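See structure below.
Computed from a predicted structure; not experimentally measured.
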Amino acid sequence: MPFLRLVILVPQMCPGHIIGPERFGVSSPKECMGYCRQSQCNCWSWKDDGFCRTGKAEKCTYIASEDDDRWMYGSCNPEQRTPAPVKVAPMPVPGPLVPSPVAAKFVPRPSPAPVSKQGQGEGVMPSTASPTQLASTELKPGAETVLPDTSKADSSVCPVLLITHQRAGYLQRALQSIFEHRVRPETNPVIASQDGDNADVRSVLQKYEATGQLKFLQFSPKTFMPTGYQRLCAHYGWAFSQIFDVLGYEQAIVLEEDLEIASDFFSYFQATLPLLRSDSNLFCVSAWNDNGKPELAQNSTAIYRSDFFPGLGWMLLRSFWSEVKKKWPKEYWDDFLRRTDIRLERQCLRPEVSRTHTFGEKGVSRGQYYKAHLVSNHLNEKPVDWTSMNLSHVATPAAFDAFLTQQVNAAKKFRFDELEKVAQFDQPVAIRYDDKQWKRVAHHFGLMEDDKAGIRRGSYKGVLPFTWHQQPAYLVRDWPMV
């Protein structure tokens, strides 16, 4: 049953502000509209977390948070037309996308007239179109723009795809970090993909475009998607189709507008790209360690294979995109990549000390895990020349199995229940635990407790390497302990 909360009436009415009761636990926009029609209301507003407000307003366009696009709203009277949400207004149907290695010339599109069923008292459901059908390939700068001719580009070119929406301040900070640490613009061109037409975001992008530091694409879906997760997932799929299918790049580094990077970020990806290309058992390289708190991550030169997809600054190949694009989900794209039928027992590379840091407390995930884990995940401050490092121990599964087996069995061994008797840790340790103890184990060390598709964050074959009391530590269930 929905929970009802009354809102105190105020004497003045803003054009889009609904004066009336709030309900929680409302399962659909249609149910919210039903409450509206049962009372003396003219407007309803619903969000995908179950919030529903009904009441009176001059315009039926109420949303409670400007940085959240998960709202639907409309008139309680199906004969009364109301304005469509500007952020999600359908766009004209574009021509088909034709993959080509030759960059095309793009011109700005005219502004469309808003069309919506919401004015008829109906919610618009998300599209089932594939990523390449969701929007046009046009750029939207102020004048005609040409993207790099990738038919002439060296196969070592690895663009940075920067996903952005409507957090202009975050975007500015992310771009400053990228340009501060990027040393080879010809190898790592920046292509930003903007969801929607937020003027502040566009202004930031145009400023950098004017100096030749980036190019940008604009994602404009033709249909309304009721949740931010669905829209973000569609944006990712569309952006990948532009980078790989249209522009023909062989690989790309993916960042979001709320990430800043370490000074050796590009060195890290330059050194690991040959490993990703040569090993079919890898599907990504990530700059992020989910358990990257300072007390748990101290070896700045350590790199591991992991069964868990970390995201948050990562690199993929066009071949992997070609494999998954026809299966691309409607939402939760990151969990999709963690599925066993997608991962297919492949791994990602990840560092012990993160080469990215997220400052994005506000966003689609509403700060999930941010205060508990992400804000304290520290950014590497000890630059490493990764191109001079010997990475042979992570080059293949067999090499990493041998490396991890040697490390675990050379360490001093304890059972988890014995730790309280240990006075000090002065050498590497291997700590054996039972699955049923996992939450206690994670809480004891300050690790993230959750798993996805049965895989714990940062782990490989059930082994989780980290630092404890300034010593290498390995949580082990069974393998490879002898």
Side-chain angles (χ1 to χ4, degrees), residues 272 275-276 278-286 288-293 295-310 338 340 343-353 389-422 424-482:
T272 53
L275 302 182
L276 181 62
S278 63
D279 184 8
S280 60
N281 293 290
L282 289 175
F283 73 95
C284 89
V285 177
S286 175
W288 176 260
N289 175 12
D290 282 296
N291 294 302
K293 297 176 182 178
E295 64 272 20
L296 300 175
Q298 297 176 6
N299 186 350
S300 61
T301 64
I303 181 173
Y304 303 102
R305 296 176 82 103
S306 174
D307 296 320
F308 191 91
F309 169 70
R338 293 167 182 144
T340 54
R343 190 173 63 82
L344 298 175
E345 298 186 347
R346 292 173 289 190
Q347 298 95 41
C348 292
L349 296 179
R350 59 95 174 167
E352 176 165 315
V353 182
M389 295 288 293
N390 181 358
L391 303 181
S392 60
H393 67 292
V394 293
T396 66
F400 191 64
D401 285 358
F403 167 79
L404 205 55
T405 298
Q406 189 277 327
Q407 295 293 310
V408 168
N409 287 298
K412 189 170 183 179
K413 300 176 181 64
F414 298 95
R415 294 201 66 86
F416 174 67
D417 293 332
E418 299 171 338
L419 287 182
E420 60 184 24
K421 301 177 184 178
V422 181
Q424 63 178 8
F425 294 87
D426 53 6
Q427 66 184 85
V429 293
I431 303 156
R432 194 164 192 167
Y433 72 98
D434 296 325
D435 262 339
K436 62 185 179 182
Q437 296 176 304
W438 169 246
K439 288 201 172 181
R440 274 206 304 136
V441 171
H443 180 73
H444 177 84
F445 291 108
L447 301 164
M448 295 189 75
E449 297 179 4
D450 65 328
D451 61 48
K452 303 287 184 177
I455 306 297
R456 285 161 188 157
R457 294 176 184 265
S459 67
Y460 174 82
K461 293 186 176 181
V463 180
L464 179 55
F466 63 107
T467 293
W468 187 244
H469 290 285
Q470 301 182 335
Q471 295 292 333
Y474 305 90
L475 282 175
V476 180
R477 290 180 299 188
D478 40 57
W479 181 88
M481 194 174 283
V482 295

Next on the checklist: Please find the pair of heavy atoms, one from F308 and one from I455, that lie closest to each other, and give the distance.
Outcome noted: CD1-O, 3.5 Å
Item to check | Nearest non-hydrogen partners of N291 and A297, listed with the distance | outcome: O-CB, 4.2 Å
Does [Y] offer a backbone N or O that forms a donor-acceptor pair with the side chain of [X] under 3.5 Å?
X	Y	value
E352	N299	yes
D279	N281	yes
K461	W479	no
R350	S286	no

Checklist entry - Which class fits the ring pair W468 and H444: parallel under 30°, tilted 30 to 60°, perpendicular over 60°? => result tilted
Checklist entry - What orientation do F400 and Y460 show, parallel under 30°, tilted 30 to 60°, or perpendicular over 60°? => result perpendicular
Checklist entry - Could D417 and R440 be called an ion pair, given the rule that one side-chain N must be under 4.0 Å from one carboxylate O? => result yes
Next on the checklist: Return the CZ to CZ distance between R346 and R305, rounded to the nearest 0.5 Å.
Outcome noted: 12.0 Å
Next on the checklist: Do I303 and T272 make a side-chain contact, defined as non-hydrogen atoms from C-beta onward lying under 4.5 Å apart?
Outcome noted: yes
Next on the checklist: Tell me whether Q406 at atom CD has more than 12 heavy atoms from other residues, nucleotides or ligands lying less than 6.0 Å away.
Outcome noted: yes
Checklist entry - So does Q427 have more than 12 non-hydrogen atoms from other groups sitting under 6.0 Å from CD? => result yes
Item to check | Worked check of side chain to side chain contact (heavy atoms under 4.5 Å, CB included) between R477 and D435 | outcome: CA-CA 7 Å; R477 290 180 299 188; D435 262 339; 3.2 Å; yes
Checklist entry - Only one of D290, D307, D451 forms a salt bridge (Lys or Arg N to Asp or Glu O under 4.0 Å) with R457, so which one is it? => result D290
Checklist entry - Are H469 and Q424 close enough, and set up right, to give a side chain to side chain contact (heavy atoms under 4.5 Å, CB included), and what steps lead you there? => result CA-CA 8 Å; H469 290 285; Q424 63 178 8; over 6 Å; no
